[in-house]
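The figures that follow rest on heavy atoms only: side chains count, while hydrogens, waters and symmetry mates do not. Here, residue 1 is the first one in the sequence, and each next residue gets the next number.
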Amino acid sequence: MKVYFVRHGQSESNKRKEYQNPEDPLSPMGREQARIVAKRFKTIPVETIMSSDLPRARVTAEEIAAV
């Protein structure tokens, strides 16, 4: 079994160089980063995806799951 760790894309607070609020969403660049990493998983067999319940992590995981 292989395990892959993926960090969420850039959040709005990352962009402003501020402390991240738990509810802080992905920035537009962060959404694009999530789509890019999702494309990389297109050829990797994935059985299970686990994610934090933070919105930015969940959105990143959903992008990966979509492919």
ask   = So, the side chain of N14 versus the backbone of S11: is there a donor-acceptor pair under 3.5 Å, distance only?
value = yes
ask   = Between S13 and E18, is there a donor-acceptor pair closer than 3.5 Å when you use the side chain of the first and the backbone of the second?
value = no
ask   = Around atom CZ of R31, are there more than 12 heavy atoms of other residues, nucleotides or ligands at under 6.0 Å?
value =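 Count not over threshold, so no.
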Test side chain to side chain contact (heavy atoms under 4.5 Å, CB included) applied to V46 and Y4, step by step = CA-CA 9 Å; V46 176; Y4 299 91; 5.8 Å; no
Can you give me the closest heavy-atom contact between [X] and [Y], atom names plus distance?
X	Y	value
P28	E12	CD-OE2, 3.4 Å
R7	T60	O-CG2, 4.3 Å
P22	P55	O-CD, 3.5 Å

Would a 4.5 Å heavy-atom cut-off, applied to side chains only, mark [X] and [Y] as touching?
X	Y	value
Q33	Q10	yes
D53	R58	no
S51	R56	no

ask   = Is F41 linked to I49 within one hydrophobic cluster, defined over Ile, Leu, Val, Met, Phe, Trp and Tyr using a side-chain heavy-atom separation of less than 4.5 Å?
value = yes
ask   = If Ile, Leu, Val, Met, Phe, Trp and Tyr residues are connected whenever their side-chain heavy atoms lie under 4.5 Å apart, and connections chain through other members, are I64 and I44 in the same group?
value = yes
message = Applying side chain to side chain contact (heavy atoms under 4.5 Å, CB included) to I36 and E32, what does each step give before you reach the verdict?
response = CA-CA 6 Å; I36 290 168; E32 180 61 22; 3.8 Å; yes
